[in-house]
Participant: 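This is the structure I have questions about; it appears just below.
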Amino acid sequence: MPLTSILRADPETRRLDWWREARFGMFIHWGLYAVPAGVWKGQDTPGLGEWIMGRFKIPVPEYEKLAKEFNPVRFNARAWVKLAKDAGMKYLIITSKHHDGFAMFDSACSDYDIVDATPWGKDPMKALAKECAKAGIKLGFYYSQSQDWHDPDGMGNGWDYKDEKKKDFDRYLKHKCIPQLTELLTGYGPISIIWFDTPCKITEQQSLRLKRHVHKLQPDCLVSGRIGNELGDYGSLGDNQRPPGAVEGDWETPCTLNDTWAFKTKDKNWKSVKVLLELLASCAGKGVNYLLNVGPTAEGVIPKVSVNRLKAVGDWLKVNGEAIYGTTGSPFPYEHGWGRITCKKGKLYLLIIKWPRGTFVLPGLRNRVKGARILGDERTPVTVTQSHSKKRDEHVIELTLPRKKPDTYVSVVELSIVGTADADQMPLQQPDGSVNLAVHMATP
Ligand code: GLC
């Protein structure tokens with residue numbers, strides 16, 4: 001089944017224009033869970049840091065006490081937004097309320113929010129909205145619409161609120177979720193996305209109600225695919241998930257830098273710059289937006305290891321951004337062992353991870369190639385030879401490339417082509433002898 005068929009077409013896709021161009025965004029998971037940072041009463045939490053309350057079934061009154069310890073005196077909205085900008089990210093989505101139910105903004109719905117319940121007493125979203133506007137970064141809010149472990153009517157807390165029959169999710173929507181969405185969409189200027197998550201048992205009517213509410217208050221604001229019931233303005237793939245080939249339609253993958261979203265002191269399994277760039281190339285090559293996460297500490301600091309990696313990604317994008325921003329996925333129905341492909345009108349980008357020795361051969365591109373250049377290296381000439389076997393209707397392109405790879409991680413060769421990229425849809429044998437049969441090409 002093609003992935004597109006699980007997303008219903010919305011005629012109102014104009015609001016997606018900037019998002020399609022952006023391709024790369026910053027996710028921020030920040031909340032009370034940054035205080036225990038993965039350790040509760042001496043015990044390490046398995047898995048995700050922001051799930052600590054759920055994993056240990058921490059009773060509400062006990063978890064609430066974390067608010068008193070949350071004092072992010074080192075929070076600096078300008079530095080966070082600058083990091084996103086330096087990393088080449090075009091939008092920023094931050095947790096305004098995660099499953100634990102704690103509002104990271106000033107909310108009149110209850111006192112369980114960062115302004116009323118913490119010694120710090122400030123609304124970080126105000127500062128972030130201001131800095132994002134200045135820097136030209138689109139701001140979006142993650143909002144857990146179904147799971148709310150603090151509220152007796154929210155989903156997910158079966159340890160404090162055991163009797164499912166007593167729960168009234170409509171009441172929850174009415175007294176907390178919808179009023180808080182109103183606050184988020186009226187108090188912080190233009191909001192680009194409400195990033196809903198884990199729909200759980202939300203009904204189609206309820207998802208629709210939320211979507212309409214968002215669009216009524218801010219018609220240009222997108223809602224993520226995880227609003228439930230296939231009602232997102234675009235599709236959200238699973239966490240860290242990448243499809244086996246290019247997808248049609250609008251999709252995004254949220255990705256972690258290590259193995260958690262929220263900060264965990266003990267999670268040091270950081271992805272290398274090489275892996276991050278390969279993932280960025282891979283997402284773009286499949287037509288998928290890459291939403292890469294950072295988890296700041298309870299003091300309000302984005303760990304240095306994350307900062308360094310993101311800056312390196314940004315340095316790469318300064319040279320090679322043309323191959324990512326505003327592109328669509330590869331026109332080929334399978335992946336190539338040497339790297340990834342992106343394209344836009346008149347251009348095809350070869351994002352080469354395994355640099356070839358001497359000649360680079362690409363079978364199956366049907367467009368006429370007018371020229372080629374290496375991004376970031378205008379001086380080294382690239383010769384293009386094109387051939388077409390009439391008998392087999394086989395198109396082959398050969399490029400002579402320098403011996404030394406131009407980039408440590410992913411080198412980009414831009415082909416100027418006539419028209420829109422058009423590739424042979426048959427699986428073709430590659431110069432190294434392989435034939436890549438992607439899963440989605442099989443018939444059941
Ligand atoms: C999952 C988790 C959540 C995290 C999200 C990010 O749905 O429940 O903790 O925020 O993925 O994509």
Participant: Please tell me whether Gln241 and Trp251 have a donor and an acceptor in their side chains that are separated by less than 3.5 angstrom.
Facilitator: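 No donor-acceptor contact under 3.5 Å links the two side chains.
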
Participant: Give, for atom CD1 of Ile194 and atom CG of Leu222, the distance between the pair rounded to the nearest 0.5 Å.
Facilitator: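 Answer for the CD1-CG pair, Ile194 versus Leu222, is 10.0 Å.
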
Participant: For Gly54 and Trp149, work out which heavy atoms get closest and say how close.
Facilitator: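 Scanning both residues completely, I find the closest heavy atoms to be N-CZ3, 3.4 Å.
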
Participant: Any carboxylate oxygen within less than 4.0 angstrom of a Lys/Arg side-chain nitrogen, looking at Asp148 and Lys97?
Facilitator: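 A salt bridge links Asp148 with Lys97.
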
Participant: With ring-ring contact (aromatic ring centres under 6.0 Å, His included) as the rule and sequence neighbours excluded, what pairs involving residues 269-299 come up?
Facilitator: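 Listed by first then second residue: Phe24-Tyr290.
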
Participant: Do Asp113 and Ser107 have a side chain donor and acceptor closer than 3.5 Å?
Facilitator: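 There is no such pair (donor and acceptor under 3.5 Å, judged by atom type) between the side chains of Asp113 and Ser107.
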
Participant: Check side-chain contact (heavy atoms from CB on, under 4.5 Å) between Ala135 and all other residues, then give those that pass, not counting sequence neighbours.
Facilitator: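 So Ala135 forms a side-chain contact (heavy atoms from CB on, under 4.5 Å) with Val81, Lys85, Ile137.
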
Participant: Under 4.0 Å between a Lys/Arg side-chain N and an Asp/Glu carboxylate O for Asp153 and Arg171?
Facilitator: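 Judged by the 4.0 Å cut-off on N to carboxylate O distance, Asp153 and Arg171 do form a salt bridge.
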
Participant: Restricting to salt bridge (charged side-chain N to carboxylate O under 4.0 Å, His left out), what partner residues turn up for Arg55, sequence neighbours left out?
Facilitator: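 Result, salt bridge (charged side-chain N to carboxylate O under 4.0 Å, His left out) vs Arg55: none returned.
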
Participant: Do you know the tightest heavy-atom contact between Ala423 and Pro331?
Facilitator: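 Smallest interatomic distance, heavy atoms only, reads CB-O, 3.7 Å.
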
Participant: What is the minimum heavy-atom distance between Cys132 and Leu92, and which atoms define it?
Facilitator: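 Cys132 and Leu92 have their closest heavy atoms at SG-CD1, 4.2 Å.
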
Participant: Can you name the nearest heavy-atom pair linking Leu415 to Ala372, along with the distance?
Facilitator: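 What the structure gives for the nearest pair is CD2-CB, 3.6 Å.
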
Participant: For the residue pair Lys162 and Trp159, what are the closest heavy atoms and their distance?
Facilitator: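 Answer, listing the atom of Lys162 first, then Trp159: NZ-O, 3.0 Å.
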
Participant: Can a salt bridge be assigned to the pair Asp170 and Arg209 using a cut-off of 4.0 Å between side-chain N and carboxylate O?
Facilitator: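 Looking at Arg209 together with Asp170, the answer is yes, because their closest N to O distance falls below 4.0 Å.
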
Participant: With the threshold set at 4.0 Å, does a side-chain nitrogen-carboxylate oxygen contact exist between Lys274 and Glu278?
Facilitator: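 The answer is yes: the pair qualifies as a salt bridge.
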
Participant: When the ring planes of Trp30 and Phe75 are compared, do they come out parallel, tilted or perpendicular, using 30° and 60° as the limits?
Facilitator: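 Aromatic pair Trp30/Phe75 classed parallel.
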
Participant: Could you check if a side-chain atom of Val412 sits within less than 4.5 angstrom of a side-chain atom of Leu350, using non-hydrogen atoms only?
Facilitator: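 Heavy-atom side-chain distance check fails, nothing below 4.5 Å.
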
Participant: Show your working on side-chain hydrogen bond (donor to acceptor under 3.5 Å, both in side chains) between Thr253 and Asn289 and close with a plain yes or no.
Facilitator: CA-CA 6 Å; Thr253 286; Asn289 275 20; over 6 Å; no

Participant: Tell me if the NZ atom of Lys130 is crowded by more than 12 foreign heavy atoms within 6.0 Å.
Facilitator: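 Atom NZ in Lys130 is not crowded, with 12 or fewer foreign heavy atoms closer than 6.0 Å.
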
Participant: Which atom names give the shortest non-hydrogen contact between Leu32 and Leu66, and what distance separates them?
Facilitator: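 Here Leu32 and Leu66 meet closest at O-CD1, 4.0 Å.
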
Participant: Got a sec, which residues hit side-chain contact (heavy atoms from CB on, under 4.5 Å) with Glu21, two or more places apart in sequence or on another chain?
Facilitator: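 Partners of Glu21 under the side-chain contact (heavy atoms from CB on, under 4.5 Å) test: Tyr325.
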
Participant: When Val223 is tested against each of Ile193, Leu210, Leu231, Asp233 for side chain to side chain contact (heavy atoms under 4.5 Å, CB included), which residue passes?
Facilitator: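 For Val223, the side chain to side chain contact (heavy atoms under 4.5 Å, CB included) check succeeds only for Asp233.
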
Participant: Name all residues meeting the salt bridge (charged side-chain N to carboxylate O under 4.0 Å, His left out) criterion together with Asp197; count only those two or more places apart in sequence or in a different chain, and write none if there are none.
Facilitator: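 In terms of salt bridge (charged side-chain N to carboxylate O under 4.0 Å, His left out), with neighbours along the sequence ignored, Asp197 is linked to Arg226.
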
Participant: Can you list the residues that meet the side-chain contact (heavy atoms from CB on, under 4.5 Å) rule with Lys264, with sequence neighbours excluded?
Facilitator: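 With neighbours one apart ignored, the set is Thr45, Thr260, Asp267.
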
Participant: Salt bridge between Lys126 and Asp123, side-chain N to carboxylate O under 4.0 Å?
Facilitator: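 No, Lys126 and Asp123 are not salt-bridged.
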
Participant: Is the shortest side-chain heavy-atom distance between Pro199 and Ile227 below 4.5 Å?
Facilitator: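 In short, these two side chains do not touch, never coming nearer than 4.5 Å.
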
